[in-house]
Each structure stands twice: as structure tokens, then as C-alpha cells.
Student: 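First, the structure itself, so that you have it in front of you.
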Amino acid sequence: MGLWLLGTSGAVPDGRRDYVSLVVEAADGLILIEAGGSPLHRLRRMGLDPMRLRGIFLSHRHPDHLSGLPGLLMGLWLLRRADPLWIAGPEDALERARALLDLFEWRSWAGMFPVDWRPIPPEPDSMVEASGSVRLLAAPVVHSVPTLALRIELPEGTAAYSADTEPCPAMARLSRGVEVLIHEATGAYPGHTPPEGAGRIAREAGARRLILVHLPPEVDGEAWIARAHETFDGPVEIGWDGMRAL
């Protein structure tokens with residue numbers, strides 16, 4: 001049980017990293033966070049049964065965060081899934097996800113399992129899921145399109161995932177007191193965050209530990225950690241595919 005990083009790259013993967021993605025593993029199933037690339041392959045590579053998926057959270061509409069959705073749903077259908085699956089995120093992202101699936105006429109697949117679309121309002125502390133031992137809360141952050149960050153509350157502890165964002169007060173608030181902050185560190189670009197910006201959010205939130213993800217190709221990990229330490233005194237790690245976060 002816990003929280004795992006399936007992918008840690010930004011929009012340009014390299015030979016070591018795939019598109020950023022996380023998975024929550026609980027006693028009653030799995031929740032996938034982001035669906036770029038090939039989620040089915042990555043789950044199986046981690047030894048996680050994709051048939052245990054009960055929900056998917058999409059932070060925003062960009063391809064590196066949802067392009068793998070048709071392949072994932074097709075794979076589950078071919079594996080004869082029957083249980084419903086929820087897909088949550090900003091309405092803007094869900095519209096694009098449905099349009100992408102419609103290109104493949106997914107509604108006509110014989111015996112297709114039910115999909116429950118959950119638009120999440122762009123408001124602080126919006127509830128995404130609260131069942132069993134998992135609670136997920138979302139809040140809007142600052143990117144080029146509507147984007148939601150996520151707070152993850154598990155028996156193992158609490159975490160926050162920034163999605164793609166500039167440093168912003170909403171992210172610090174959502175991350176208040178978490179054991180681990182998983183924050184993007186693409187660099188100093190509009191809608192994104194440099195390592196020292198992620199460190200500042202971790203400090204303001206009172207996070208115990210910072211993991212940097214959504215990384216540029218062939219990132220210099222030591223340099224990124226040093227920059228994050230300019231603003232945050234706690235432990236800083238470079239995220240890697242397959243890493244356990246909680």
C-alpha cells in the first residue's frame with residue numbers, strides 16, 4: 001500500500017524517464033494520477049494489476065498527461081473488465097479526453113465497461129475521492145490551461161502533487177504539513193516552476209520532504225537539488241520512475 005511514481009519526465013521523455021504519472025495503491029484498489037504514455041505497461045512493470053484500477057485523475061488537458069487514455073481503456077476492455085471506472089479532473093481536461101476517445105469510437109466497443117466522468121470544480125479543497133482509506137482533494141494552480149493539483153491522504157501519510165504550475169499560494173496551502181511534496185521542476189518557464197521555486201513552496205507549506213518531478217531531458221540532478229536547497233532546508237530528492245513516495 002502507498003504512493004508510487006510511475007513516471008517523472010516533463011513533456012519530453014528521455015531514455016530514463018517516462019511522462020509524469022503516479023499511482024495510489026490501497027487495499028480496495030488503485031488510483032492512477034495522469035495518463036500519458038502507456039499506463040498499462042507501466043503498471044504491469046511495477047507489478048500492479050491494472051484490473052484493480054478504480055479511478056483516474058487527470059490534472060489538465062495537455063498530451064503528456066492524458067494521451068495514453070485510449071490505449072489504457074482499450075487494454076482494460078480487452079482484459080474483459082466489467083467494473084465501472086471513474087475519471088476525474090477539470091471539465092476542460094475531461095472534454096478533451098472524451099474527444100480523444102471518440103476518435104476511436106470507444107462507445108461502440110461491445111461490452112464496454114461503464115465510465116463515470118467526474119468534473120472537479122476549480123475551487124480550493126474540491127473533493128475528488130473519499131472512500132476506504134483514501135482521500136483526494138484538488139485545488140486550482142497556475143498553468144497555461146485549467147489545471148488542478150492534488151492532495152493525497154493515506155494511512156501511510158499525506159502527500160501533495162503539484163501537476164504543472166508556477167509557484168503559487170494555492171499550492172502551498174494545499175500542501176500544508178504534508179510528509180512529501182511532489183512538485184514539478186521543469187525550469188523557469190511560464191506556467192512552470194524552477195527547482196528553487198519548488199523549494200520555496202515546500203518551505204511555505206511546512207512539507208517534510210520534497211521530490212522533484214516533471215523534469216527536463218537529461219537533467220543534472222545534483223544541480224537541481226542544490227537549487228531547491230537554496231530555499232528549502234529539508235530533504236530533497238530527484239524523482240525516478242518506480243520510486244516509492246509514501
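These numbers were taken from a predicted model, which means no experiment stands behind them.
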Student: Do E129 and W86 have side chains that get closer than 4.5 Å, going by heavy atoms?
Tutor: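 They are in contact (side-chain heavy atoms under 4.5 Å apart), so the answer is yes.
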Student: How long is the gap from NE2 on H65 to CZ on F57, to the nearest 0.5 Å?
Tutor: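 Output value for this atom pair is 11.0 Å.
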Student: Measuring from atom CG of L72 to atom CG of L32, what distance do you get when rounded to the nearest 0.5 angstrom?
Tutor: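 The CG atom of L32 is 6.5 Å from CG of L72, to the nearest 0.5 Å.
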Student: Side chain of H229, backbone of P235: donor and acceptor closer than 3.5 Å?
Tutor: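 No, the answer is negative, given that no donor and acceptor are paired below the 3.5 Å cut-off.
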Student: Salt bridge (Lys or Arg N to Asp or Glu O under 4.0 Å) for R151 and E153? Distances and angles first, verdict last.
Tutor: CA-CA 7 Å; R151 183 182 179 94; E153 299 179 353; 2.9 Å; yes
Student: Measure from the side-chain N and O atoms of D14 to the backbone N and O of R17, and report whether any donor-acceptor pair falls under 3.5 Å.
Tutor: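 The answer is yes, because a donor-acceptor pair under 3.5 Å joins these two groups.
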Student: So do the side chains of I33 and I152 get within less than 4.5 Å of each other, counting heavy atoms only?
Tutor: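 Yes, side chains in contact.
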Student: Counting neighbours of CZ on R81 that are heavy atoms of other residues, nucleotides or ligands and sit closer than 6.0 Å, is the number greater than 12?
Tutor: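 Yes, the 6.0 Å shell around CZ holds more than 12 heavy atoms from other groups.
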Student: Taking the side chain as C-beta and beyond, is there a heavy-atom pair between H183 and L210 under 4.5 Å?
Tutor: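 In short, these two side chains touch, coming nearer than 4.5 Å.
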Student: Would you call the rings of H192 and H143 parallel, tilted or perpendicular, taking 30° and 60° as the class edges?
Tutor: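 Rings of H192 and H143: perpendicular, over 60°.
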Student: With a 4.5 Å heavy-atom cut-off, do I56 and L69 have their side chains touching?
Tutor: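 Touching, per the 4.5 Å side-chain cut-off.
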Student: Out of the candidates M1, E179, E25, only one should pair with L246 under the side chain to side chain contact (heavy atoms under 4.5 Å, CB included) rule; please name it.
Tutor: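 Among M1, E179, E25, the one meeting side chain to side chain contact (heavy atoms under 4.5 Å, CB included) with L246 is E179.
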Student: Taking the side chain as every heavy atom from C-beta outward, state whether L48 and M46 have any atom pair closer than 4.5 Å.
Tutor: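 Answer yes - side chains close enough.
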Student: Check whether any side-chain N or O of S67 sits under 3.5 Å from a backbone N or O of D64 as a donor-acceptor pair, and report yes or no.
Tutor: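 Checked: no pair found.
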Student: Roughly how far, to the nearest 0.5 Å, is the CG atom of L215 from the CH2 atom of W224?
Tutor: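 The CG atom of L215 is 8.5 Å from CH2 of W224, to the nearest 0.5 Å.
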Student: When you check the side-chain N and O atoms of E34 and S59, is any donor under 3.5 Å from an acceptor?
Tutor: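 S59 and E34 do have a side-chain donor-acceptor pair below 3.5 Å.
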Student: Cluster question for you: counting only ILVMFWY and a side-chain heavy-atom cut-off of under 4.5 Å, with indirect links fine, are L148 and L150 together?
Tutor: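 Yes, because L148 and L150 connect within a single hydrophobic cluster, where side-chain heavy atoms sit under 4.5 Å apart.
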Student: What are the two closest non-hydrogen atoms of L73 and F113, and how far apart are they?
Tutor: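 Nearest pair, atom of L73 first, then F113: O-CE2, 3.9 Å.
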Student: Answer yes or no: are there more than 12 heavy-atom neighbours, outside D233 itself, under 6.0 Å from its atom CG?
Tutor: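 Atom CG in D233 is not crowded, with 12 or fewer foreign heavy atoms closer than 6.0 Å.
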Student: To the nearest 0.5 Å, what is the distance between CG (L76) and CG (L40)?
Tutor: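 Reported value, rounded in 0.5 Å steps: 6.0 Å.
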Student: Go through E218 and R16 one step at a time and tell me if the salt bridge (Lys or Arg N to Asp or Glu O under 4.0 Å) criterion holds.
Tutor: CA-CA 8 Å; E218 307 299 339; R16 300 170 299 165; 3.6 Å; yes
Student: To the nearest 0.5 Å, what is the distance between CG (L43) and CG (L6)?
Tutor: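 Here the interatomic distance stands at 5.5 Å.
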Student: Report yes or no: does T193 contribute a side-chain atom to a donor-acceptor pair with the main-chain N or O of T165 at less than 3.5 Å?
Tutor: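 Yes: the side chain of T193 pairs with the backbone of T165.
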Student: Provide the closest heavy-atom pair for M171 versus A149 in the form atom of the first, atom of the second, distance.
Tutor: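 Taking every non-hydrogen atom into account, SD-CB, 3.5 Å.
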Student: Judged by atom type as modelled, is there a donor-acceptor pair below 3.5 Å linking the side chain of W77 to the main-chain atoms of A110?
Tutor: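 Yes; judged by distance alone, with no hydrogens or angles, the pair exists.
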Student: Is W106 linked to I87 within one hydrophobic cluster, defined over Ile, Leu, Val, Met, Phe, Trp and Tyr using a side-chain heavy-atom separation of less than 4.5 Å?
Tutor: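 Per the 4.5 Å side-chain linkage, W106 and I87 are co-clustered.
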Student: Given 3.5 Å as the limit, does a donor-acceptor pair link the side chain of E237 with the main chain of G239, or not?
Tutor: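 No; zero donor-acceptor contacts below 3.5 Å.
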Student: Looking at D18 and P13, what are the two nearest heavy atoms and their distance?
Tutor: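 Distance-wise, the nearest heavy atoms are CA-CB, 4.3 Å.
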Student: How about L94 and I120: do any of their side-chain heavy atoms sit closer than 4.5 Å?
Tutor: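 Result no, sub-4.5 Å side-chain heavy-atom pair not found.
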Student: Do V180 and V236 belong to the same hydrophobic cluster, where Ile, Leu, Val, Met, Phe, Trp and Tyr are linked whenever their side-chain heavy atoms lie under 4.5 Å apart, directly or via other members?
Tutor: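 In one cluster: no.
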Student: If you take all heavy atoms of G37 and P39, which pair is closest and at what distance?
Tutor: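 That closest heavy-atom pairing would be O-CD, 3.4 Å.
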Student: Hydrophobic cluster membership, with links at side-chain heavy-atom distances under 4.5 Å among I/L/V/M/F/W/Y: are I31 and W4 in one?
Tutor: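 Unlinked, I31 and W4 end up in two clusters.
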Student: Yes or no on salt bridge (Lys or Arg N to Asp or Glu O under 4.0 Å) for D28 and R52, after CA distance, side-chain angles and deciding distance?
Tutor: CA-CA 8 Å; D28 53 353; R52 295 185 63 223; over 6 Å; no
Student: Can a donor-acceptor pair be found, under 3.5 Å and without considering hydrogens, that links the side chain of S175 to the backbone of R173?
Tutor: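 Such a contact is absent between S175 side chain and R173 backbone.
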Student: When rounded to the nearest 0.5 angstrom, what is the spacing between CE in M243 and CD1 in I238?
Tutor: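 Separation between the atoms: 9.5 Å.
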Student: For Y189 and E166, test the side chains for any donor-to-acceptor distance below 3.5 angstrom and give the result as yes or no.
Tutor: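 The criterion, which ignores hydrogens and geometry beyond distance, is not satisfied for E166 and Y189.
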Student: Do H60 and D164 have side-chain heavy atoms sitting under 4.5 Å apart?
Tutor: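 Touching, per the 4.5 Å side-chain cut-off.
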Student: Between T231 and A228, is there a donor-acceptor pair closer than 3.5 Å when you use the side chain of the first and the backbone of the second?
Tutor: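 Checking the backbone N and O of A228 against the side chain of T231, a donor-acceptor pair under 3.5 Å is found.
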Student: Looking at R98, R61, R96, R118, which one forms a salt bridge (Lys or Arg N to Asp or Glu O under 4.0 Å) with E91?
Tutor: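 Going through R98, R61, R96, R118 one by one, the salt bridge (Lys or Arg N to Asp or Glu O under 4.0 Å) with E91 is satisfied by R98 alone.
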Student: Following the transitive rule for hydrophobic clusters with a side-chain heavy-atom cut-off under 4.5 Å over Ile, Leu, Val, Met, Phe, Trp and Tyr, establish whether W117 and L53 coincide in one cluster.
Tutor: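 Yes: a chain of side-chain contacts under 4.5 Å links W117 to L53.
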Student: Is it the case that R203 places NZ or CZ above or below the six-membered ring of F232, under 6.0 angstrom from the centre and within 45 degrees of the axis?
Tutor: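 Pair R203/F232 does not count as cation-pi.
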Student: Does any non-hydrogen side-chain atom of M74 lie less than 4.5 Å from one of W109?
Tutor: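 Counting from C-beta outward, W109 and M74 do come under 4.5 Å.
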